[in-house]
Peer 1: 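Supplied in structure tokens, the structure appears directly below.
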2 protein chains.
Amino acid sequence: MAARGYGQDSGLATAVERVGERWALLVVRDLLVGPRRYTDLRRGLPRIPTNILAARLKELQEAGVVRRVPLMNCGLVYELTPYGRALEPVVLALERWGLEAPGAPQPEGGDAVSADALTMTLRSLFRPEVAASVPDADYELHLDPVVLRVRVEGDALRIAQLAPSAVPVGGRMPEGEPDVALALASVAALRGLASGALTPADALDEGVARILRGEGTLIERFAATFRLAPGQASRPSGER
Amino acid sequence: MAARGYGQDSGLATAVERVGERWALLVVRDLLVGPRRYTDLRRGLPRIPTNILAARLKELQEAGVVRRVPLMNCGLVYELTPYGRALEPVVLALERWGLEAPGAPQPEGGDAVSADALTMTLRSLFRPEVAASVPDADYELHLDPVVLRVRVEGDALRIAQLAPSAVPVGGRMPEGEPDVALALASVAALRGLASGALTPADALDEGVARILRGEGTLIERFAATFRLAPGQASRPSGER
DNA sequence: CCGGATCCGAATCGATACTG
DNA sequence: CAGTATCGATTCGGATCCGG
């Protein structure tokens, strides 16, 4: 027993012992969007075995990362503790690193997108300095099964999940029409826009991006606001 | 087969598929200090099974993170590719998060410290803004088996490993005497100083820190320069 | 439906031994 | 020095089952 440790007394070894197990950081990522129920987590992580999810949640609780909160009107949710929320810079940095392609763009067939995953991807790409220097904008972003309402106000970012499951996150349901509704064919398209490998014009030409409604030129502003900063994968956590 | 994926098309899922396996980030951390030979990595990670190290190195190469470089005078080293070096913000952020204690200070008995681990811990704690605002300093840091020469010049940090294995990193062997040589009893002491839970004066009183030679008051400057910034675990990668 | 617990085969990990 | 081979101990994945 006790043979599972790394035998190292360092911050990194401690960290990976706490959140390094399979699926753990994916669970944390979804919880960074907001408190979630057991079933919500399963929906967001379709391929996680139920016993593994239960085991991870137990371990994350023991590590002080996650807290189990009973809901007044029946049911319960899991939410991050302050210590767990301190993982946000880690998750955002890993997210950005994963978005950079080393060479071959992997096929990614059959892989789906979840609302929470896309929400955190956008958060990781958000550039407050750029946002502050352009007019406010209100986007509706469609990516296969998920629809997000993405509002950029000053240097702040707010995202609500319209589909699936129309549960508004971080506030009430957004009223009014977005400035533009745009649809991306895949995460690869977002990856391309974010890295600069794909220009908005090319994306529209090739059909990997489409304007559903509204002012189509705003796609340029979108691409400038959500961008992988070259040579600087880590930024101070910024928003929220 | 292919059942090992996370079935998610997001940056985080991609990232953990590439560097999420056991030991992988520890290997990357050691390589962030500099190119290392197979045997060096084994020494720095005493509990890694040799077959696992071989497997990780193979996977990291296929992921484009690590490169195998033959040495002219016999032997070979592993080194990070530019894409692998882009993991530095991730490793530093995880390192900082792991240094924060959630509640109970885990025993950590029998765990050792390696020169590379301590080097990266110091890098993760380094605050360039503080360093730039105080006079330059030249520390010799002893922590059980490892001895580091830590030079702070302006807002830059340079670390050489004096022991074990006296292989200077990132330059030639430092000449001259350090301003102060100080010894810490354990990583827990460094953790305490970095978090502010332990003041330098208390550390000296309790004997978890000792001045071996030189100007003892410099421990204050050391503690100010290598510090876990409260409420801001992520900083732009900064140095180097 | 929600929140898991249980069982089992498959893949991975850990420890040791061995080799070019 | 730089790994490969082997084998038992864990963990993971997939499915099913169960109490509210």
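It should be emphasised that the depicted structure is a prediction, and the values quoted were computed from it without experimental measurement. Throughout, protein chains are lettered first and strands after them, A, B, ... in sequence-line order, and every chain is numbered starting at 1.
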Peer 1: To the nearest angstrom, how far is A/N73 atom CG from C/dC2 atom P?
Peer 2: 14 Å
Peer 1: Write down the distance between CG (B/L53) and P (C/dT12), rounded to a whole number of angstrom.
Peer 2: 17 Å
Peer 1: I'd like to know if B/R56 and B/E59 make a salt bridge, using a cut-off of under 4.0 Å between side-chain N and carboxylate O.
Peer 2: yes
Peer 1: Checking B/R22 against A/Y6: charged group under 6.0 Å from the ring centre and within 45 degrees of the axis?
Peer 2: yes
Peer 1: Please give, in whole Å, the distance from D/dC12 P to A/L45 CG?
Peer 2: 14 Å
Peer 1: What is the distance, to the nearest angstrom, from the CZ atom on A/R4 to the C1' atom on D/dG8?
Peer 2: 13 Å
Peer 1: Taking 4.0 angstrom as the limit, do A/R191 and B/D9 come out as a salt bridge?
Peer 2: yes
Peer 1: Please determine whether a side-chain nitrogen or oxygen atom of A/R22 lies at a distance below 4.0 Å from atom OP1 or OP2 of D/dG13.
Peer 2: yes
Peer 1: Could I get a table of every N or O pair under 3.5 Å where one atom is in the protein and the other is in nucleotides 3-5 of chain D?
Peer 2:
| residue | atom | partner | partner atom | Å |
| --- | --- | --- | --- | --- |
| D/dG3 | OP1 | B/R68 | NH2 | 2.5 |
| D/dG3 | OP2 | B/Y78 | OH | 2.4 |
| D/dG3 | N7 | B/T50 | OG1 | 3.3 |

Peer 1: Looking at B/W23, does any N or O in its side chain come under 4.0 Å of the phosphate oxygens OP1/OP2 on C/dG14?
Peer 2: yes
Peer 1: A/I52 CD1 to D/dA15 P: how many Å, rounded?
Peer 2: 14 Å
Peer 1: Once you round it to whole Å, what is the distance between C1' of C/dG4 and CZ of A/R37?
Peer 2: 14 Å
Peer 1: Hey, is A/E88 close enough to A/R123 for a salt bridge, meaning N to O under 4.0 Å?
Peer 2: yes
Peer 1: In whole angstrom, what separates A/L41's CG from C/dC2's P?
Peer 2: 12 Å
Peer 1: With A/L87, which of A/L94, A/L80, A/V28, A/L31 fulfils side chain to side chain contact (heavy atoms under 4.5 Å, CB included)?
Peer 2: A/V28
Peer 1: In whole angstroms, how far is the P atom of D/dG14 from the OH atom of B/Y6?
Peer 2: 12 Å
Peer 1: Give a yes or no on whether a salt bridge exists between B/R68 and B/E79, defined as a side-chain N under 4.0 angstrom from a carboxylate O.
Peer 2: no
